[in-house]
Amino acid sequence: MKKNLKSLIAVIALCFVGTVNAQDIKGDNYEQKFKLGFGANAGYVFDDAFGLALGADVRLQYDLSQKTSLTLTTGFTNLFKEDATKDLGFIPVKAGFKGFIWEDRFYLLGEVGAGFSVTNDYDQTTLILAPGIGYATKYVDLSLRYEYYNDFVNAKGNEGMGQLALRLAYGFKL
């Protein structure tokens with residue numbers, strides 16, 4: 001658990017380092033706003049038992065400033081077993097911090113949360129740590145992230161596995 005805590009602190013620190021000196025707010029009257037995005041995810045699972053991960057999510061984003069946002073993400077992710085039996089499906093619930101680092105388009109994102117398994121008699125809940133990078137326009141958000149599942153059991157019988165996922169989303173202001 002200490003290793004996971006250190007990883008979480010490193011992700012949060014990385015997000016803050018990229019944005020602390022980049023607080024270029026245009027004027028004093030920046031309108032803080034909510035955004036909502038719907039995304040599709042595809043990933044590669046770094047575990048011998050699983051190969052592909054597919055999912056869909058909904059992300060609520062609250063802009064603190066022009067360069068920083070808070071996020072809340074949920075949805076459904078399915079990790080497909082190579083032998084087509086006993087896939088692992090779960091509902092992730094994550095809170096995060098997004099910091100835009102270049103041209104108000106490129107960003108770093110750090111999320112932490114829980115994954116609640118809901119398929120095939122799995123009863124495990126896991127801690128999720130998810131650092132990522134992305135590119136956002138007015139309506140499209142494309143990101144790449146690594147998600148680490150602390151408590152899901154891997155093919156070797158040990159706890160902990162991860163995936164590298166690509167997310168394509170459509171978003172809009174509320």
Side-chain angles (χ1 to χ4, degrees), residues 1 3-19 37-61 69-102 105-120 122 124-137 140-171:
M1 190 66 180
K3 182 178 178 182
N4 293 332
L5 183 58
K6 288 180 185 178
S7 298
L8 175 62
I9 292 170
V11 168
I12 292 170
L14 181 61
C15 289
F16 279 112
V17 167
T19 60
F38 297 93
N41 302 278
Y44 172 76
V45 182
F46 295 103
D47 187 274
D48 293 337
F50 299 98
L52 176 67
L54 292 176
D57 65 43
V58 176
R59 178 176 291 158
L60 181 64
Q61 175 177 314
S69 302
L70 297 176
T71 64
L72 183 61
T73 307
T74 190
F76 180 79
T77 300
N78 197 74
L79 307 180
F80 293 93
K81 280 250 184 173
E82 297 271 328
D83 60 8
T85 60
K86 298 258 184 181
D87 294 345
L88 171 57
F90 64 95
I91 297 172
V93 178
K94 303 177 288 185
F97 180 82
K98 183 188 273 189
F100 288 87
I101 57 172
W102 186 42
R105 297 278 183 227
F106 292 93
Y107 63 85
L108 294 175
L109 173 68
E111 294 180 301
V112 64
F116 303 95
S117 56
V118 293
T119 61
N120 295 324
Y122 287 103
Q124 189 71 40
T125 298
T126 186
L127 171 70
I128 299 175
L129 301 173
I133 59 171
Y135 177 81
T137 65
V140 177
D141 188 334
L142 179 66
S143 63
L144 182 67
R145 73 179 180 283
Y146 175 77
E147 279 193 340
Y148 179 72
Y149 311 118
N150 186 60
D151 299 312
F152 286 158
V153 178
N154 61 27
K156 297 176 184 169
N158 302 324
E159 290 183 340
M161 72 170 107
Q163 76 154 313
L164 187 63
L166 183 65
R167 176 180 188 262
L168 178 61
Y170 172 76

Donor-acceptor pairs under 3.5 angstrom involving side-chain atoms of residues 155-164: please list them, not counting sequence neighbours.
unit_1	atom_1	unit_2	atom_2	d
Gln163	NE2	Glu147	OE1	3.4
Gln163	NE2	Tyr149	OH	2.7

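- The side-chain heavy atoms of Ser69 and Phe100, taken from C-beta on, include a pair separated by under 4.5 Å.
- For the pair Asn41 (side chain) and Leu54 (backbone), a donor-acceptor distance under 3.5 Å is absent.
- Side-chain contact check for Lys98 versus Asp141: some heavy-atom pair is nearer than 4.5 Å.
- In this structure, CD1 on Ile128 lies 10.0 Å from OG1 on Thr73, to the nearest 0.5 angstrom.
- Pro92 and Thr77 make their closest contact through CG-OG1, 4.1 Å (heavy atoms, listed as atom of the first residue, atom of the second, distance).
- Between Lys94 and Asp57 there is no salt bridge, since no side-chain nitrogen of the basic residue lies less than 4.0 Å from a carboxylate oxygen of the acidic one.
- Between Tyr122 and Phe90, the gap from one ring centroid to the other reaches at least 6.0 Å.
- Atoms CG and CZ, from Leu79 and Phe152 in turn, are 7.0 Å apart once rounded to the nearest 0.5 Å.
- Separation of atoms OH (Tyr146) and CD1 (Ile133) is listed at 15.5 Å; rounding is to 0.5 Å.
- By the 4.5 Å heavy-atom criterion applied to side chains, Leu168 and Val140 are counted as neighbours.
- Proximity of Glu111 to Thr71: side-chain heavy atoms (C-beta onward) are separated by under 4.5 Å at one or more points.
- How far CG of Leu127 is from CG of Asn150: 5.0 Å, rounded to the nearest 0.5 Å.
- Under a 3.5 Å cut-off, the side chain of Thr74 and the backbone N or O of Val93 do not form any donor-acceptor pair.
- Between atom CZ of residue Phe97 and atom CG of residue Leu70 there is a gap of 7.0 Å, rounded to the nearest 0.5 Å.
- The main-chain N or O of Thr125 is never found under 3.5 Å from a side-chain atom of Ser117 such that the two would form a donor-acceptor pair.
- At least one side-chain heavy atom of Leu166 sits less than 4.5 Å from a side-chain heavy atom of Leu142.
- Taking CG of Leu108 as the reference point, atom CH2 of Trp102 lies at 13.0 Å (rounded to 0.5 Å).
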